[in-house]
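As structure tokens, the structure follows; a few thoughts come after it.
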Amino acid sequence: MQTLNSIVFGWYPYLCLTVFLFGSLFRFDREQYTWRTGSSQLLRRRQLTWGSNLFHVGILFIFLGHFVGLLTPIRVFDMLGVSHGFKQMLAIVAGGVAGLMCLVGIALLTHRRLFDARIRANSSFGDTAILLLLFAQLLLGLATIPVSMGHLDGHEMVKFMDWAQGILTLQPGVAANVLNVHPIFKAHLVLGMTLFLVFPFTRLVHIWSAPVWYLGRRGYQVVRSRDGRVARPIQPAE
């Protein structure tokens, strides 16, 4: 049992992260024309607006919550006076709300993908598979909430923080931190790592192209003269 735990939670994460990083670089270098979201908006707009918005808002909150919650050193929370119990409750409440938003969104998107004949005909195996994997991962994540309610002191959550930070800092033996946690957490971790493993081979690569720099970009207007022959961008007044 301990050997299997070491393989899955000690070695498998590095395989997933290696494929995630080098696979993304390789695909960007060799197959840039496949680097797209593969939107089906032209085929059917119905359900897309609500489904896409709820899914993306929910998944962004979940990702940021996991990123900050798992990778921030515990001593930082201690310095800020944030108790482990408060952090656990915040994760349950905020993560639960974001998870439900995301679940509704992905349910709408999955329904479109599976039951609209035109979208299904234009979908690859990877398009459908990654949607179902994300769906399963969301259900597993929400299923951890009732289990977490039994550990409101935050002690169980600290195990996952130690494990995640140990993996990224190349600490040996970190798999022991999650040896005795509830199986639902282990299933959630394994599927989460698997999503990183398949990331370069799916449409998820478009995440690397998220236009976050737009948030700090100066705006401009394209102004056309009355005779319509000259168009020039101008900076707006600040």
Side-chain angles (χ1 to χ4, degrees), residues 13 16-17 19-21 23-25 27-28 35-41 45 47-73 76-77 80 82 86-113 126-145 148 157 160-161 163-165 167-168 185 187-217 219:
C16 297
L17 289 173
V19 174
F20 168 67
L21 293 174
S24 297
L25 284 172
R27 180 169 174 181
F28 182 77
W35 195 282
R36 60 181 185 269
T37 62
S39 174
S40 58
Q41 183 176 0
R45 190 177 180 84
Q47 294 181 313
L48 180 63
T49 302
W50 276 104
S52 181
N53 288 338
L54 285 172
F55 171 74
H56 282 95
V57 171
I59 203 74
L60 283 174
F61 274 104
I62 291 172
F63 175 78
L64 290 174
H66 280 69
F67 186 83
V68 174
L70 289 175
L71 299 183
T72 302
V76 174
F77 289 106
L80 295 174
V82 179
F86 177 81
K87 183 173 179 293
Q88 178 72 79
M89 280 304 299
L90 182 63
I92 291 174
V93 175
V97 172
L100 288 175
M101 288 176 59
C102 198
L103 184 66
V104 173
I106 202 169
L108 293 172
L109 297 177
T110 304
H111 182 269
R112 293 175 74 256
R113 183 71 57 184
D127 294 339
T128 305
I130 195 63
L131 203 56
L132 294 178
L133 282 177
L134 288 170
F135 207 148
Q137 179 67 342
L138 270 172
L139 292 175
L140 283 174
L142 290 171
T144 63
I145 292 179
S148 297
M157 176 193 61
F160 299 115
M161 296 172 69
W163 172 77
Q165 293 171 28
I167 288 294
L168 289 187
F185 289 115
H188 189 51
L189 289 176
V190 170
L191 189 51
M193 292 186 287
T194 304
L195 286 171
F196 280 95
L197 181 70
V198 302
F199 182 95
F201 313 106
T202 68
R203 60 169 56 191
L204 291 182
V205 292
H206 79 274
I207 296 172
W208 287 117
S209 303
V212 292
W213 52 87
Y214 280 17
L215 298 175
R217 188 185 65 170

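Below, each value reflects all heavy atoms present in this structure, side chains not excepted, and no hydrogens, waters or symmetry copies. Numbers for residues simply follow the sequence, beginning at 1.
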Beyond-backbone contact of [X] with [Y], side-chain heavy atoms, under 4.5 angstrom:
X	Y	answer
C102	L54	no
V198	V19	no
F55	L108	no
F61	V97	no
K87	M161	yes
T49	N53	yes
T72	F67	no

Quiz item: In terms of ring plane angle, is the pair F160 and F185 parallel, tilted or perpendicular, where the classes change at 30° and 60°?
Solution: tilted

Quiz prompt | Considering all heavy atoms, the nearest V68-F77 contact | solution = O-CZ, 4.2 Å

Quiz item: Which heavy atom in I92 sits nearest to a heavy atom in S148, and how many Å separate them?
Solution: CD1-CB, 3.9 Å

If you look only at distance, which donor and acceptor atoms sit under 3.5 Å apart when one is on a side chain in residues 188-197 and the other is two or more places apart or in another chain?
unit_1 : atom_1 : unit_2 : atom_2 : d
H188   : ND1    : Q137   : OE1    : 3.3
H188   : ND1    : Q137   : NE2    : 3.3
T194   : OG1    : Y12    : OH     : 2.9
T194   : OG1    : V190   : O      : 2.8

Exercise. Look only at the side chain of R113 and the backbone of T128, and say whether a donor-acceptor pair between them is shorter than 3.5 Å.
Key: no

Exercise. For T110, enumerate each residue passing the side chain to side chain donor-acceptor pair (under 3.5 Å) test, keeping only those at least two apart in sequence or located in another chain.
Key: none

